[in-house]
Amino acid sequence: MSIPVSIRIQHADFDLAQEIATLTAGRTDIGAVVSFSGICRGDGGLAAMTLEHYPGMAEAEIERHAHEACARWPLTGVTVIHRVGRLTPGDNIMMVLAASAHRQAAFQAAEFLMDYLKAHAPFWKREENADGSTWVAAQQHDDAAAARWDKT
Amino acid sequence: MSIPVSIRIQHADFDLAQEIATLTAGRTDIGAVVSFSGICRGDGGLAAMTLEHYPGMAEAEIERHAHEACARWPLTGVTVIHRVGRLTPGDNIMMVLAASAHRQAAFQAAEFLMDYLKAHAPFWKREENADGSTWVAAQQHDDAAAARWDKT
Amino acid sequence: MKLKYFAWVRERIGVAEENLDPPDSVRTVGELIGWLAGRGETYAYAFEKPGVIRAAIDQTHVKPDTLIAGAHEVALFPPMTGG
Amino acid sequence: MKLKYFAWVRERIGVAEENLDPPDSVRTVGELIGWLAGRGETYAYAFEKPGVIRAAIDQTHVKPDTLIAGAHEVALFPPMTGG
């Protein structure tokens, strides 16, 4: 049986509860659902951020990693939604859901997907504040976090 | 500023989306919310499970661990809801929410609280199937998972 | 001293709580379990494997060698299976 | 060959994509970046630190020493900051 994997990149907001309901509807083999929601912070006078992505590649890359997560852990479903466009503090940026019979698999898969998304998915953030706008610099610790999943 | 910690033990179901909304309302310092939902599985012909707890001690123990999580990681809020009573496959059993500026803190705190709840919170599950009902045996791997957070 | 029982310990003994005054020779949680096991068939069944029984004194987890002196409420129960 | 630029690489060059045919002497992604940097002031600015530029060939991440022969679409962009 194939594992439901849903990847969406969209301007619109998402409804986490609806996504969990969709992933679990009619199933009694799911014991654990882990969600991660990334939210736009207002630190340092941030007025807004604009998210750009590489259409086509972004979807394909996330989907490839979602399937890799399904191969690594006994998952029953994965959903990733990443917003693009202009967002203001408090807005949802993205979400990852991982469902499994067991909690460890769901936690590990959600963390794996988040570490991957931060370091390797083709998205770029530009932040606006009172001084103008600047592109967010990549964080070295994000590369390190992603590298811990590399198979040796 | 004290960190919002909400612990509830209840018969009624909960609304994860509402809990996230409560934890994040009016704040722009939260960048990451991790949720864990534990759901009743129907494996092995399970018809229902009944959850018993130690009133008073259960709330106090979970709250103590929630505050320990707040001391260990830079959290902006923690919510734990654990249901008791009779549940059937597909029903929510419990949820943990951890909110932080950063994803690693939110993931770590949610896993810490789950490992603690599995091994040390005073709850007991009895499962019903066609052959009658049996108390769930504790899992040694849950003790091991909880022990990884012990400070040495 | 109030004693509380949970899960199959409660089911085997047949009551959820009771007030008992163990003799002075019963000083630790482990000795309390041994003394209770001698109180009759239902107690013997509940505590047939004393090593698996977990305990709390006044709602805090304790080990078998913890002294019970001064305890208001001692709870005895199987390993926990919440979450 | 279609070239695509994202984020500040796109902003500095001033276009999101263009079709260019580098000479045969340009064989790798790294050499392509070097060749582009010589095409004018905006390109020189975009590629002033070639070591930070990331690349994809036909929507798959590649390293600077990857050969570009046969590529339909080469994308050049800063380190990613999604999630």
Side-chain angles (χ1 to χ4, degrees), chain A residues 14-21 23-47 49 76 88-104 106-115 117-118 139 141-142 144-145 148, chain B residues 14-21 23-47 49 76 88-104 106-115 117-118 139 141-142 144-145 148:
Chain A
F14 50 79
D15 179 342
L16 179 65
Q18 181 57 54
E19 298 302 330
I20 293 176
L23 205 60
T24 57
R27 300 189 70 142
T28 57
D29 59 340
I30 298 177
V33 178
V34 170
S35 82
F36 177 90
S37 310
I39 301 166
C40 181
R41 296 205 313 271
D43 300 7
L46 182 89
M49 65 163 58
T76 55
T88 53
D91 283 352
N92 286 318
I93 301 172
M94 49 80 61
M95 54 154 280
V96 165
L97 282 187
S100 174
H102 303 290
R103 76 183 186 285
Q104 290 92 343
F107 269 119
Q108 292 259 294
E111 284 195 77
F112 165 79
L113 288 167
M114 280 310 304
D115 286 343
L117 282 163
K118 284 273 177 188
Q139 303 277 316
H141 66 74
D142 284 332
R148 72 189 162 123
Chain B
F14 50 79
D15 179 341
L16 179 66
Q18 181 57 53
E19 298 303 329
I20 294 177
L23 205 61
T24 57
R27 300 188 70 143
T28 58
D29 59 341
I30 298 176
V33 178
V34 170
S35 81
F36 177 90
S37 309
I39 301 166
C40 180
R41 296 204 312 271
D43 300 9
L46 182 90
M49 64 163 59
T76 55
T88 52
D91 282 351
N92 286 319
I93 301 172
M94 49 81 61
M95 54 153 278
V96 165
L97 281 187
S100 175
H102 303 289
R103 78 184 185 285
Q104 289 93 341
F107 269 119
Q108 293 259 295
E111 284 195 78
F112 165 79
L113 288 167
M114 282 310 305
D115 286 343
L117 283 163
K118 284 272 176 188
Q139 303 278 317
H141 66 72
D142 285 331
R148 72 190 163 122

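As the structure is a computational prediction, the values presented were derived from the model and not from experiment.
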Q. Tell me, side chain or backbone of B:L16 under 4.5 Å from chain A's heavy atoms, or both, or neither?
A. side chain
(Q) Is B:A110 close to chain A through its backbone or its side chain, or both, or neither, when contacts mean heavy atoms under 4.5 Å? (A) both
**Q.** Under 4.5 Å from a heavy atom of chain A, the part of B:A145 involved
**A.** side chain
Q) Non-hydrogen atoms of chain A under 4.5 Å away: do they reach the side chain of B:L97, the backbone, both or neither? A) neither
Q) Side chain, backbone, both or neither: which part of A:A101 has a heavy atom under 4.5 Å from chain B? A) both
Q. Tell me, side chain or backbone of B:D91 under 4.5 Å from chain A's heavy atoms, or both, or neither?
A. neither
**Q.** Exercise: do B:Q104 and B:H102 side chains pair donor with acceptor under 3.5 Å
**A.** no
(Q) Please check: side-chain N/O of B:S100 versus main-chain N/O of B:A32, any donor-acceptor pairing under 3.5 Å? (A) no
Q. Relative to chain B, which segment of A:D15 carries a heavy atom at a distance below 4.5 Å: side chain, backbone, both, or neither?
A. neither
Q. By a 4.5 Å heavy-atom criterion (distance strictly below it), what part of B:Q18 contacts chain A: side chain, backbone, both, or neither?
A. neither
(Q) Does B:F36 form a side-chain contact (heavy atoms from CB on, under 4.5 Å) with B:E111? I'd like the steps, not just the answer. (A) CA-CA 8 Å; B:F36 177 90; B:E111 284 195 78; over 6 Å; no
Q. For the side chain of A:R103 and the backbone of B:K118, is there at least one donor-acceptor N/O pair under 3.5 Å apart?
A. no
